[in-house]
Number of protein chains: 2
Amino acid sequence: MSHLTYTRNMATDRDSVLEAAVGVLSRRPTAHLDEIARAAGISRATLHRIFPGRDALIREVGALGLRKFATALDSAAIETGDAQSALRRLVDAIVPDAALCAFLAGENQLYDDPEINELWEIQDSRVRVLFLRGQQEGVFRIELSAGWLSEAFFDLVAGVGWAVQDGRLAPRDSAYSLAELFLGGALRRPDPS
Amino acid sequence: MSHLTYTRNMATDRDSVLEAAVGVLSRRPTAHLDEIARAAGISRATLHRIFPGRDALIREVGALGLRKFATALDSAAIETGDAQSALRRLVDAIVPDAALCAFLAGENQLYDDPEINELWEIQDSRVRVLFLRGQQEGVFRIELSAGWLSEAFFDLVAGVGWAVQDGRLAPRDSAYSLAELFLGGALRRPDPS
DNA sequence: AAAGAATGAGACATTGATGTCTCATCTGAC
DNA sequence: GTCAGATGAGACATCAATGTCTCATTCTTT
């Protein structure tokens with residue numbers, strides 16, 4: 001049984017280290033390994049025992065981010081129901097991992113890796129399809145390309161991640177702020193009464 | 001007169017090198033000096049002759065970005081006229097320098113420098129005041145804080161910069177896409193006819 | 001309590017980017 | 001054509017971060 005305990009602990013270790021790494025790297029992509037190790041509450045030696053090196057760590061964080069993004073798309077079931085509700089569900093599902101998206105948005109070097117890039121393409125295309133569907137349903141504006149809508153949405157998710165991390169946006173407000181701004185824009189609607 | 005020619009050439013050299021540096025650094029903030037020098041069409045030796053070192057170069061790029069941002073705010077005269085038109089003017093004025101804003105958004109280490117930070121605070125506060133004014137005029141939505149509106153606007157400007165640089169958004173469409181999405185949101189408005 | 005595993009602290013080599021230098025070449029002014 | 005200034009190419013030293021190692025300590029399991 002010692003083997004089972006071993007692997008189980010390793011797994012949670014990996015994840016908790018990755019979470020800590022996100023917190024540091026999303027803001028300072030060039031942070032030293034010392035800093036990441038300290039943030040994770042472990043020594044640099046142990047960090048090296050878990051991940052072969054810096055590149056591997058970065059890639060793992062990227063892969064984690066994309067997995068979580070995919071999970072959010074799944075749990076929001078963006079392929080079903082009307083597009084607006086689907087997007088609102090997506091916002092709720094992704095906002096807790098906004099910092100991870102901020103990391104994905106900033107670390108462009110990640111996309112040199114074909115595996116990472118493919119994962120990204122899949123998720124990005126799912127979002128684009130959602131916008132296309134919404135446009136066909138007459139829900140989303142057709143003057144703006146689905147590609148731009150999807151890109152801008154991701155930019156704002158990343159923006160939420162940064163703003164929350166730096167304390168400029170209350171986590172409590174983040175989903176609402178994101179959904180309202182993206183869907184409704186900054187302009188006050190003429191009073192419908 | 002040789003002295004005049006000298007300084008004039010140095011000035012344009014500096015600027016053209018900075019422009020080239022933006023092109024590289026906005027996408028890959030960790031690009032080597034070799035790469036930047038090549039992008040600028042000069043040797044690494046000359047790059048060192050113009051800028052004492054990497055830090056200085058980065059800071060100069062940041063300062064250039066903030067100067068251009070301030071110039072855009074000035075030329076758009078965001079303090080005058082109705083807030084919506086002011087924002088549209090700002091969009092038109094800032095879009096040509098969107099890549100510079102993308103750089104400013106990505107290079108958080110810049111804000112360790114007090115001088116840079118102060119410059120940023122000034123411009124950011126001007127934008128925030130514009131949104132506050134628009135909210136008081138009933139033009140912008142009051143459910144979203146002026147701080148968030150200003151931050152999200154900047155995120156989208158940076159997003160435009162990245163998208164244009166990577167060829168995902170046509171420069172011709174960029175101002176329209178930015179203004180329409182930010183002001184009107186992604187939802188199709190109910191047909192007013 | 002004893003054995004084994006995991007960790008932290010630190011020393012050490014390695015590596016790659018940066019910063020500095022020299023020298024040959026080129027350009028422009030006269 | 002000559003000369004001063006600017007540039008490019010490359011060698012070289014420096015330095016900081018990474019990757020590797022050892023060893024003492026702590027924690028876990030039995």
Side-chain angles (χ1 to χ4, degrees), chain A residues 1-62 103 106-110 112-113, chain B residues 1-62 103 106-110 112-113:
Chain A
M1 158 148 180
S2 91
H3 178 61
L4 279 181
T5 326
Y6 169 78
T7 51
R8 179 147 36 85
N9 284 344
M10 278 337 272
T12 66
D13 272 9
R14 285 177 71 88
D15 283 357
S16 75
V17 169
L18 287 176
E19 302 273 2
V22 172
V24 178
L25 289 172
S26 61
R27 260 287 137 204
R28 312 206 12 239
T30 65
H32 305 322
L33 293 185
D34 295 308
E35 201 174 342
I36 298 172
R38 250 183 295 120
I42 61 178
S43 70
R44 199 164 66 90
T46 303
L47 185 61
H48 266 94
R49 287 186 187 107
I50 304 177
F51 302 100
R54 174 177 245 276
D55 291 345
L57 173 63
I58 302 280
R59 253 186 298 112
E60 295 261 17
V61 175
F103 171 81
E107 204 77 4
N108 299 99
Q109 203 155 359
L110 266 175
D112 293 346
D113 184 280
Chain B
M1 161 156 174
S2 90
H3 178 62
L4 279 180
T5 325
Y6 168 78
T7 50
R8 178 148 35 85
N9 284 345
M10 279 335 275
T12 67
D13 272 9
R14 286 178 70 89
D15 283 357
S16 74
V17 168
L18 288 176
E19 304 271 2
V22 172
V24 179
L25 290 172
S26 60
R27 261 287 137 202
R28 314 205 13 239
T30 64
H32 305 322
L33 292 185
D34 295 306
E35 200 174 343
I36 298 172
R38 250 184 295 120
I42 62 178
S43 70
R44 199 164 66 92
T46 303
L47 184 60
H48 266 92
R49 286 185 188 106
I50 304 178
F51 302 100
R54 175 177 244 276
D55 291 345
L57 172 63
I58 302 281
R59 253 185 298 114
E60 295 262 16
V61 175
F103 171 82
E107 204 76 6
N108 299 99
Q109 203 156 1
L110 265 175
D112 294 345
D113 184 279

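Source: prediction; values computed, not measured.
- The shortest distance between side-chain heavy atoms of Thr46(B) and Val17(B) does not fall below 4.5 Å.
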Practice item. In sequence, state the C-alpha distance, the side-chain angles, and the governing distance for Val22(B) and Glu19(B), and then conclude on side-chain contact (heavy atoms from CB on, under 4.5 Å). Key: CA-CA 5 Å; Val22(B) 172; Glu19(B) 304 271 2; 5.6 Å; no
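- Atom CD1 of Ile50(A) and atom C1' of dG19(D) are 16 Å apart (whole Å).
- Look at CZ on Arg38(A): it is 13 Å from P on dG8(C), rounded to the nearest Å.
- Atom CG in Leu33(B) sits about 12 Å away from atom P in dT20(C), given to the nearest Å.
- When heavy atoms are screened at a 4.0 angstrom cut-off, His32(A) is found touching the sugar-phosphate backbone but no base atom.
- Between the C1' atom of dC12(C) and the NE2 atom of His48(A) lies a distance of 14 Å, rounded to the nearest Å.
- When the P atom of dT18(D) is taken as reference, atom CD1 of Ile36(A) falls 8 Å away, rounded to whole Å.
- The NE2 atom of His32(A) sits 8.5 Å away from atom CZ of Arg54(A), with the distance rounded to the nearest 0.5 Å.
- When rounded to the nearest whole Å, the span between CG of Asp34(B) and C1' of dG16(C) equals 11 Å.
- Here the CG-CG distance, from Leu47(A) to Asp13(A), works out to 11.0 Å after rounding to the nearest 0.5 Å.
- Distance, Arg54(B) CZ to dC15(D) C1': 15 Å, rounded to whole Å.
- A donor N or O paired with an acceptor N or O is found under 3.5 Å between the base of dG8(D) and the side-chain atoms of Arg49(B).
- Distance, Arg44(B) CZ to dG19(C) P: 9 Å, rounded to whole Å.
- The side chain of Ser43(A) places no N or O atom within less than 4.0 Å of a non-bridging phosphate oxygen (OP1 or OP2) of dT7(C).
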